[in-house]
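Below, each value reflects all heavy atoms present in this structure, side chains not excepted, and no hydrogens, waters or symmetry copies.
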Amino acid sequence: MDKIESYWNQFKKEHEIQASSYEAYSFGLGVEVEDELASLVQKGIKTATTSTFDLYEEGEHVPQAGDYNVILDGSGNPVCVTKTLLTEVVPFNQIMAEHAYHEGGGDRSYQYWHDVHVDFFSREYAEAGLVFTENVPCLCEVFEVVK
């Protein structure tokens with residue numbers, strides 16, 4: 001059994017959780033960013049995230065309320081478990097400053113969030129052979145740390 005599965009099973013046992021499925025992932029690209037964002041989640045500072053809705057592949061799990069997630073650091077080690085509280089599809093240019101603040105990055109300003117996400121999403125879209133525009137649908141997710 002690998003370390004992530006073991007971490008998940010221990011969490012389920014400690015919290016008497018019956019859920020059998022979970023997603024395991026890290027935030028961002030690159031070990032330093034992944035470590036930083038995992039730490040922000042673990043501390044309860046980062047309680048939201050945004051992904052590009054139309055880049056989910058067919059059959060890929062799309063986050064929804066009630067999901068459990070094992071958050072990984074940049075080395076792929078489990079750091080904590082979160083539970084998704086809310087998801088909503090919103091055009092990128094209509095995402096509110098409050099959501100940006102809860103993402104927890106940088107100075108927590110909307111401008112910081114906007115600049116980082118334009119850069120990140122532009123690269124994601126380019127890799128998919130598409131062009132990012134500020135009206136693309138985004139999945140806004142709100143979560144809480146449960147371990």
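Between Val136 and Pro91 there is no side-chain heavy-atom pair separated by less than 4.5 Å. No side-chain heavy atom of Lys46 sits less than 4.5 Å from a side-chain heavy atom of His102. Looking at heavy atoms from C-beta onward, Phe143 lies out of side-chain contact with Asp67 at the 4.5 angstrom threshold. Residues Thr50 and Ile95 meet the side-chain proximity criterion, which asks for heavy atoms closer than 4.5 Å. Using a 4.5 Å heavy-atom threshold, the side chains of Leu40 and Leu37 count as touching. Counting only heavy atoms from C-beta outward, the side chains of Asn69 and Glu141 approach each other to under 4.5 Å. Under the 4.5 Å side-chain criterion, counting only non-hydrogen atoms from C-beta, Glu124 is in contact with Leu55.
Cluster membership for Phe120 and Phe53, using ILVMFWY side-chain heavy atoms within less than 4.5 angstrom, is not shared. Tyr25 and Val145 fall within a single hydrophobic cluster, where Ile, Leu, Val, Met, Phe, Trp and Tyr are joined by side-chain heavy atoms under 4.5 Å apart, directly or via other members. Linking Ile, Leu, Val, Met, Phe, Trp and Tyr residues whenever their side-chain heavy atoms come within less than 4.5 Å leaves Leu85 and Val90 in two separate clusters. Transitive grouping of hydrophobic side chains (ILVMFWY, heavy atoms separated by less than 4.5 Å) brings Trp113 and Phe132 into a common cluster.
Environment of CD in Glu98: sparse, with no more than 12 heavy atoms of neighbouring residues, nucleotides or ligands closer than 6.0 Å. Around CD of Glu14, the count of heavy atoms belonging to other residues, nucleotides or ligands within 6.0 Å exceeds 12. Summarising the local packing, OH of Tyr125 is surrounded by more than 12 heavy atoms from other residues, nucleotides or ligands at distances under 6.0 Å. No more than 12 heavy atoms of other residues, nucleotides or ligands lie within 6.0 Å of OH in Tyr101, so this atom counts as exposed by the packing criterion.
Annotation: salt bridge (Lys or Arg N to Asp or Glu O under 4.0 Å) contacts of Asp115 (sequence neighbours excluded): none. A search for ring-ring contact (aromatic ring centres under 6.0 Å, His included) contacts involving His99 returns nothing, not counting sequence neighbours.
Taking the six-membered ring where the residue is Trp, His114 and Phe92 present tilted rings, their angle falling between 30° and 60°. Classified by interplanar angle (parallel below 30°, tilted 30° to 60°, perpendicular above 60°), the ring pair Phe121/His117 is perpendicular.
Residue Pro78 comes nearest to Lys3 through the heavy atom pair CG-O, 3.9 Å, listed as atom of the first residue, atom of the second, then distance. Across every non-hydrogen atom of Ser109 and Ala100, the tightest pair is O-CB, 4.4 Å. Nearest heavy atom pair, residue Pro137 against residue Val89, reads CB-CG1, 3.8 Å.
A ring-centre distance under 6.0 Å is not found for Tyr112 and Tyr110.
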I would like to know whether Val41 and Cys80 meet side chain to side chain contact (heavy atoms under 4.5 Å, CB included); could you show each step before the answer?
-> CA-CA 8 Å; Val41 171; Cys80 61; 3.6 Å; yes
Checking side chain to side chain contact (heavy atoms under 4.5 Å, CB included) for the pair Glu32/Asp35: CA distance, chi angles, key distance, verdict?
-> CA-CA 5 Å; Glu32 286 181 28; Asp35 284 348; 5.8 Å; no
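The distance from atom CD of Gln94 to atom SG of Cys140, rounded to the nearest 0.5 Å, is 10.5 Å. Taken from CG in Leu139 to OG1 in Thr52, the straight-line distance is 9.5 Å, to the nearest 0.5 Å. The structure places OG of Ser122 at 8.5 Å from CD of Glu134, a figure rounded to the nearest 0.5 Å. Note that OG of Ser20 and NZ of Lys12 are 6.0 Å apart. Values are rounded to the nearest 0.5 Å. A distance of 12.5 Å separates CD in Glu5 from CD in Gln10, rounded to the nearest 0.5 Å.
In the hydrophobic clustering (ILVMFWY side chains linked at under 4.5 Å, chained through shared members), Ile4 is joined by Tyr7, Trp8, Phe11, Ile17, Tyr22, Tyr68, Val70, Leu72, Val81, Val146.
Remark: the Thr82 side chain and the Glu144 side chain contain no N/O donor-acceptor pair separated by less than 3.5 Å.
With Arg108 contributing its side chain and Ile45 its backbone, the two residues share a donor-acceptor pair below 3.5 Å.
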